[in-house]
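So the structure is just underneath, and the comments pick up after that.
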Amino acid sequence: MTKIDLNADIGEYQTAAQQAAEETLIPLVTSVNIACGGHAGNNETMAWTLKKAIESKVSIGAHPSYPDRENFGRQSINISHADLAASLRTQIQTLQNQAEAFSTTLSHIKP
C-alpha cells in the first residue's frame, strides 16, 4: 500500500485566529514543519506548536529560513554563506532544544 505524507508548515501564526486555524489543521496532517524564528515563530510559538504536534502524534520537522521576518523569508537577501549557515543552525538548534524539553525528536528539516 502506498503511504502519503500530508505535510503542513505551521508555527507561523501572528493572531489568535491564525493560531486556532493551525490547531485545527495539525490533527489532519501526518507531519508538520515548525517555523524556527527566521521568517516566523519564536520560542513561545515553537513550544505551543510542539505540544500540539505531540498531542496529535504527527512527525515534527524544523522549518528554518532566511532571517528575514519582513519578507517572510521568501526573498533572497544579502547575507554571506557563513552567516546564513550560522542562522540556519541556530534556528534548527533552538527548535531541537525545545523538542528535547518535550522528550521528542525532530524527524526532518524543511528549508
So Pro67 and Leu84, do their side chains get closer than 4.5 Å, heavy atoms only?
yes
Would you say Ser31's side chain and Ile60's backbone share a donor-acceptor pair under 3.5 angstrom?
no
So for atom NZ, which belongs to Lys110, do other residues, nucleotides or ligands contribute more than 12 heavy atoms lying within a distance under 6.0 Å?
yes
Using atom types as modelled and distance alone, determine if a side-chain donor or acceptor of Gln98 lies under 3.5 Å from a backbone N or O of Asn43.
yes
Donor-acceptor pair, side chain of Thr90 and main chain of Ala86, under 3.5 angstrom
yes
Would Val29 end up clustered with Met46 when hydrophobic side chains under 4.5 Å apart are linked, directly or stepwise?
yes
Counting only N and O atoms by type, is there a donor-acceptor contact under 3.5 Å from the side chain of Gln96 to the main-chain atoms of Ile92?
no
Spell out, as yes or no, whether a donor-acceptor pair under 3.5 Å connects the side chain of Ser56 to the backbone of Ile26.
no
Do Gln91 side-chain atoms and Gly38 backbone N/O form a donor-acceptor pair below 3.5 Å?
yes
Step by step, would you call Asn7 with His108 a side-chain contact (heavy atoms from CB on, under 4.5 Å)?
CA-CA 11 Å; Asn7 177 270; His108 63 278; 3.9 Å; yes
Report whether Leu25 and Trp48 are members of the same hydrophobic cluster (ILVMFWY, side-chain heavy atoms less than 4.5 Å apart, transitive linking).
no
Nearest heavy-atom contact between Leu50 and Leu95 is CD1-CD1, 3.8 Å
Looking at side-chain heavy atoms only, is the closest gap between Thr94 and Cys36 below 4.5 Å?
no
Does the side chain of Pro111 come within less than 4.5 Å of Leu88's, by heavy atoms?
no
Could you check whether any side-chain heavy atom of Ile34 comes within less than 4.5 Å of a side-chain heavy atom of Ile10, counting everything from C-beta outward?
yes
Would you say the side-chain atoms of Thr104 pair up with the backbone N or O of Ala99, donor to acceptor, closer than 3.5 Å?
no
In the structure I gave you, are the side-chain heavy atoms of Glu22 and Lys52 within less than 4.5 Å of one another anywhere?
no
